[in-house]
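These notes concern the structure reproduced below.
Residue numbering restarts at 1 for every chain, and letters A, B, ... go by the order of the sequence lines. Note: hydrogens, waters and symmetry copies are ignored here, and every other heavy atom, side chains too, is used.
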There are 2 protein chains.
Amino acid sequence: MKKYEEIADELRRRIADGEYAEGEMLPDQIALAEEFGVSRMTLKKAIDMIAMEGLIFRKRGVGTFVIKSALWNSGDSKADEYAGLSKQFPNKTVKSKIILFDILFPPDNIQSLLMLEDNQPVYHLQRLRIIDDKPYILEDTYFVAGLVKDLTEDIIHHSIYDHIRDTLGLKIGGAYRKIHADRSNELDWQELACDQHTPILEVEQVVYLTNGTPFEYSTARSRFDTRSYTITDIIKQ
Amino acid sequence: MKKYEEIADELRRRIADGEYAEGEMLPDQIALAEEFGVSRMTLKKAIDMIAMEGLIFRKRGVGTFVIKSALWNSGDSKADEYAGLSKQFPNKTVKSKIILFDILFPPDNIQSLLMLEDNQPVYHLQRLRIIDDKPYILEDTYFVAGLVKDLTEDIIHHSIYDHIRDTLGLKIGGAYRKIHADRSNELDWQELACDQHTPILEVEQVVYLTNGTPFEYSTARSRFDTRSYTITDIIKQ
DNA sequence: CAGTGGTCTAGACCACGTC
DNA sequence: ACGTGGTCTAGACCACTGA
């Protein structure tokens, strides 16, 4: 365990426990460095981390303070987003209905978004994700077949991301997302139990590996009254 | 100008100009530190910055590489989001129609989101933002009156965020956002030129100062076919 | 094994706010 | 003037990868 991570953990704990109360000033960096027995640079790295998380803020010439809104506290680790639905809802039953599973050469727009050549095939997968027996998300996904190998019927019924991460050993680097509202289409009516005038929330994304190679293009559609997308945005000053 | 910012700028330029091509390895940190005449710690800080922006990735024991998708390149600085519509569309005419402007004690849910006591009033402002003479966003905003002072008819016709930042000297720290799809309501029909069955994209947010004090709660509604919300998400490894 | 990036040090000086 | 956080150094050692 790196020293700055250990120190950051301890500082997070002190804030959560109220040892450093909201709005109050922390001890200065020199005092903290002495307390933890590290150099000031190392201590500052720990401080930088929890500042990025939005727990504290700093004023040069004044001090370091606990931020007032513990609102977006340490609870929701962003990594969950890529862990799959089963991890996001540990207390619910998550099932999948496979609507379509095929391998093919992608249409032009998708080929270009995934930066593919003409001879590179993709898996095309449509799944309805069902939570506690209610239809929740209608996924339409294209995976680059050369990267996301060995997709089987068994895997697509469970967590594809577990397979990508654990079996294939690929590392996810990030995603580009676009969130729309949309009119519902025939497939929505069938699968999401809605009618022609039900608004739909759609999350469209391209997901990349750490080296910048795109490996997935997908859209995820839900009824307007079952899902919303949340973001906490902290400005780097 | 800080040294690590200067170095980061230069490295960004080299990547943009193709001097370091996509997928290629950069010189190692010691060589770069010597070239720029700085210590390795300072050079690494510059490298860290552009890695967070998603331009490069690193493999310990191997090297530092230019990421393949220069897609989400340095173009779109996120700070724009808080600069107001007039800055986001510099080539278009941005107008505002004031629908409602009032000062009052907020309803309970908003009082709690803004962490206010019973005796703290808020401004309530409804504006239609018009771009190139087309209705675009219907804003419904509550400002904490104790923080966002001296709102006048003149200011609300132009940029409120300029007033907050420049005149009042407040520093924005971040925001918590929720993005929904919704059915349209009567006000939408009137102001956004749509009918009863037009889906609406709504961005609901609480905006905070750097010390964590919330100062704004707002919703921004648009027709589904005029706006979408984009995010680039880079995972810290 | 050589070469890479990651961590850490003990100190120095600077920029800023407050008194 | 003083105390705060921000930057920077010159060097050390470690962890990992690939030949």
Side-chain angles (χ1 to χ4, degrees), chain A residues 1-11 15 20 23-67 169-171 173 209-212 234-237, chain B residues 1-11 15 20 23-67 169-171 173 209-212 234-237:
Chain A
M1 188 68 148
K2 295 152 205 161
K3 284 192 187 176
Y4 66 82
E5 283 181 348
E6 276 176 2
I7 294 170
D9 279 346
E10 171 64 12
L11 293 176
I15 291 167
Y20 302 145
E24 268 189 16
M25 198 170 91
L26 270 63
D28 66 85
Q29 295 182 351
I30 295 170
L32 284 174
E34 277 173 11
E35 184 201 326
F36 289 109
V38 298
S39 75
R40 204 184 134 210
M41 286 291 283
T42 302
L43 182 106
K44 189 172 173 301
K45 193 155 183 182
I47 293 271
D48 286 344
M49 287 189 68
I50 56 181
M52 292 244 301
E53 293 162 7
L55 287 173
I56 57 175
F57 71 101
R58 293 160 290 181
K59 270 192 185 171
R60 187 192 284 201
V62 186
T64 302
F65 303 83
V66 179
I67 231 167
L170 300 177
K171 274 189 190 160
L209 302 178
T210 46
N211 70 354
I234 298 161
I235 301 177
K236 294 170 244 166
Q237 303 283 350
Chain B
M1 188 67 147
K2 296 151 204 161
K3 284 191 187 176
Y4 66 83
E5 283 181 349
E6 276 177 0
I7 295 169
D9 279 347
E10 171 63 13
L11 293 177
I15 292 168
Y20 302 144
E24 267 188 16
M25 198 171 90
L26 270 63
D28 66 85
Q29 295 182 352
I30 294 170
L32 284 174
E34 276 173 12
E35 184 202 327
F36 290 109
V38 299
S39 75
R40 204 185 135 210
M41 285 291 283
T42 302
L43 182 105
K44 188 171 173 301
K45 192 155 183 182
I47 294 272
D48 286 344
M49 287 189 69
I50 56 181
M52 291 245 301
E53 294 163 6
L55 286 174
I56 57 174
F57 71 101
R58 292 158 290 180
K59 267 192 186 173
R60 186 193 286 203
V62 186
T64 302
F65 303 82
V66 180
I67 233 169
L170 301 177
K171 273 189 190 159
L209 301 177
T210 46
N211 70 355
I234 297 161
I235 300 178
K236 295 169 244 165
Q237 304 282 351

Here the residues of residues 31-45 of chain A within 4.0 Å heavy-atom distance, strictly under, of DNA chain C are Gly37(A), Val38(A), Ser39(A), Arg40(A), Met41(A), Thr42(A), Lys45(A)

Ring pair (Phe, Tyr, Trp, His ring centres under 6.0 Å) pairs touching residues 41-61 of chain A, sequence neighbours excluded, are Phe57(A)-Phe65(A)

Are there any protein N/O atoms within less than 3.5 Å of an N/O atom in nucleotides 2-4 of chain D, and if so, which ones and at what distance?
| residue | atom | partner | partner atom | Å |
| --- | --- | --- | --- | --- |
| dG3(D) | N2 | Gly61(A) | O | 3.0 |
| dT4(D) | OP1 | Asp28(A) | OD2 | 3.1 |
| dT4(D) | O2 | Gly61(A) | N | 3.0 |

Taking every heavy atom of Ala8(A) against every heavy atom of Ala46(A), the minimum-distance pair comes out as N-CB, 3.8 Å

Rounded to whole Å, the CD-P distance (Glu5(A) to dA15(D)) equals 14 Å

Heavy-atom closest pair (Lys3(B) atom, Thr42(B) atom, distance to 0.1 Å) is CB-CG2, 4.2 Å

In terms of heavy-atom contacts, Leu43(A) and Ile7(A) come closest through CD1-CG2, 4.2 Å

Rounded to whole Å, the CG-P distance (Leu11(A) to dG5(D)) equals 12 Å

5'-most to 3'-most nt of DNA chain C touching chain A (<4.0 Å, heavy-atom partner on protein side) reads dT7(C) to dG17(C)

### Query
Quick one: are Leu55(A) and Val66(A) in side-chain contact, heavy atoms under 4.5 Å?
no

Sorted by chain and number, sequence neighbours left out, side-chain contact (heavy atoms from CB on, under 4.5 Å) with Lys2(B) holds for Tyr4(B), Glu5(B)

The complete set of ring pair (Phe, Tyr, Trp, His ring centres under 6.0 Å) pairs with one or both residues in residues 31-56 of chain A, sequence neighbours excluded, reads none

Students should find that the end-to-end axis angle of the helix from dC1(C)-dG18(D) to dT18(C)-dA1(D), with five pairs defining each axis and rounding to 10 degrees, is 10°

Residues pairing under salt bridge (charged side-chain N to carboxylate O under 4.0 Å, His left out) where one sits in residues 34-45 of chain A, two or more places apart or in two chains, turn out to be Arg14(A)-Glu35(A), Lys44(A)-Asp48(A)

| Should Lys59(A) and Lys171(B) be marked as a side-chain contact (heavy atoms from CB on, under 4.5 Å) after you check the CA-CA gap, both sets of side-chain angles, and the distance that decides it? | CA-CA 12 Å; Lys59(A) 270 192 185 171; Lys171(B) 273 189 190 159; over 6 Å; no

Residues at least two apart in sequence or cross-chain that pass side-chain contact (heavy atoms from CB on, under 4.5 Å) with Glu24(B), listed by chain then number, are Ala21(B)

Would Ile15(A) and Ile67(A) satisfy side-chain contact (heavy atoms from CB on, under 4.5 Å), going step by step from the backbone distance to the final call?
CA-CA 10 Å; Ile15(A) 291 167; Ile67(A) 231 167; over 6 Å; no

By side-chain contact (heavy atoms from CB on, under 4.5 Å), Met41(A) pairs with (sequence neighbours left out) Ser39(A), Met41(B)

In this structure, CD1 of Ile56(A) is separated from CD1 of Ile50(A) (nearest 0.5 Å) by 4.0 Å

